[in-house]
Protein chains: 2
Amino acid sequence: MTAATERLLTPGEVANLFRVDPKTVTRWATAGRIGSIRTPGGHRRFRETEVKALLSELTTEATEPVRH
Amino acid sequence: MTAATERLLTPGEVANLFRVDPKTVTRWATAGRIGSIRTPGGHRRFRETEVKALLSELTTEATEPVRH
DNA sequence: CACGATTGGGGTAATTTGGGTT
DNA sequence: GTTGTCCAAATTACCCCAATCG
């Protein structure tokens, strides 16, 4: 029985990942910067893969070594 | 194409799809927000097609490109 | 300093959750 | 695990507005 779809995250969980207020995550969804899924009750859920992709997409690693 | 046996989902499976508590799914059924089928034993089952349709109806894709 | 965009706080209403019980 | 109900607490939604950032 695999009703497999995709793991979803709550607004609060996404907010913790970005270290932001849940309200801000809601704004991202409203602005179309991130896809969202509404529950029949009106709450939002976010795809984990999309969130993590967004995270790494916006991540920049250091390119220069530290000078001592 | 008439599906002789439509695939049915348990409350727990529907709950996983929406990232919600099984109790909440039951409330949706009671509130008429989602159709349900009763087994002779009194348990609920949900049409997979209806659930998936509901899922895609409530899904919004990201429209704005990510700013780098 | 001014500007636009983003963010977060406040307040209220709705939804969701989890415990305890049958 | 699921049903049904009650109830308290946490989370979220949605509004406006001030503070902050680049």
| task | Give a yes or no on whether R47(B) atom CZ has more than 12 heavy-atom contacts from other residues, nucleotides or ligands under 6.0 Å away. | result | no

| said: Within the 4.0 Å heavy-atom criterion, would you say T39(A) contacts the bases, only the backbone, or no part of the nucleic acid? | reply: sugar-phosphate

| message | I'd like to check V25(B) versus F46(B) (side-chain heavy atoms, cut-off strictly below 4.5 Å). Are they in contact? | response | yes

| Test item: R45(A) side-chain N/O and R19(B) main-chain N/O as donor-acceptor pair under 3.5 Å | yes

| query | Do any side-chain nitrogens or oxygens of R44(A) fall under 4.0 Å of OP1 or OP2 in dC14(D)? | reply | yes

| field | Distance test, side-chain N/O of T10(B) to OP1/OP2 of dG1(D), below 4.0 Å | value | no

| What is the distance from CZ of R19(A) to C1' of dT6(C), rounded to the nearest Å? | 17 Å

| query | What's the NE2-P distance between H43(A) and dT12(D), to the nearest Å? | reply | 8 Å

| Which whole-number value in Å describes the distance from R45(A) CZ to dT17(C) C1'? | 11 Å

| said: Is there a side-chain contact between E50(A) and V14(A) in this structure, where contact means two heavy atoms from C-beta onward sitting under 4.5 Å apart? | reply: no

| query | dG8(C) phosphate, OP1 or OP2: any side-chain N/O from T24(A) under 4.0 angstrom? | reply | yes

| Upstream residue (5' side of DNA chain D) when P11(B) and R27(A) are each assigned their closest nucleotide | P11(B)

| Do the side-chain N or O atoms of W28(B) get closer than 4.0 angstrom to the phosphate oxygens (OP1, OP2) of dT15(C)? | no

| message | Ignoring hydrogens and geometry beyond distance, is the side chain of K23(A) in donor-acceptor contact with the base of dG11(C) at under 3.5 Å? | response | no

| message | In this structure, how many angstroms lie between the P atom of dC21(D) and the CG atom of D21(A), rounded? | response | 16 Å

| Whole-Å distance separating the CD atom of E13(B) from the P atom of dG1(D) | 13 Å

| When we call it a touch if two heavy atoms are under 4.0 Å apart, what does G12(B) touch: a base, just sugar-phosphate, or nothing? | sugar-phosphate

| Contact class for R38(A) vs. all strands (heavy atom < 4.0 Å): base, sugar-phosphate, or nothing? | sugar-phosphate

| task | Please round to 10 degrees the angle between the axis of the first five pairs and the axis of the last five pairs in the helix from dC3(C)-dG22(D) to dG19(C)-dC6(D). | result | 40°

| said: On the nucleotide dT15(C), are OP1 or OP2 found under 4.0 Å from the side-chain N or O atoms that R33(B) carries? | reply: yes

| request: Let me know the distance between CD1 of I37(A) and P of dT15(C), rounded to the nearest Å. | output: 20 Å

| said: Salt bridge check, E13(A) against R7(A): does any charged N sit closer than 4.0 Å to a carboxylate O? | reply: no

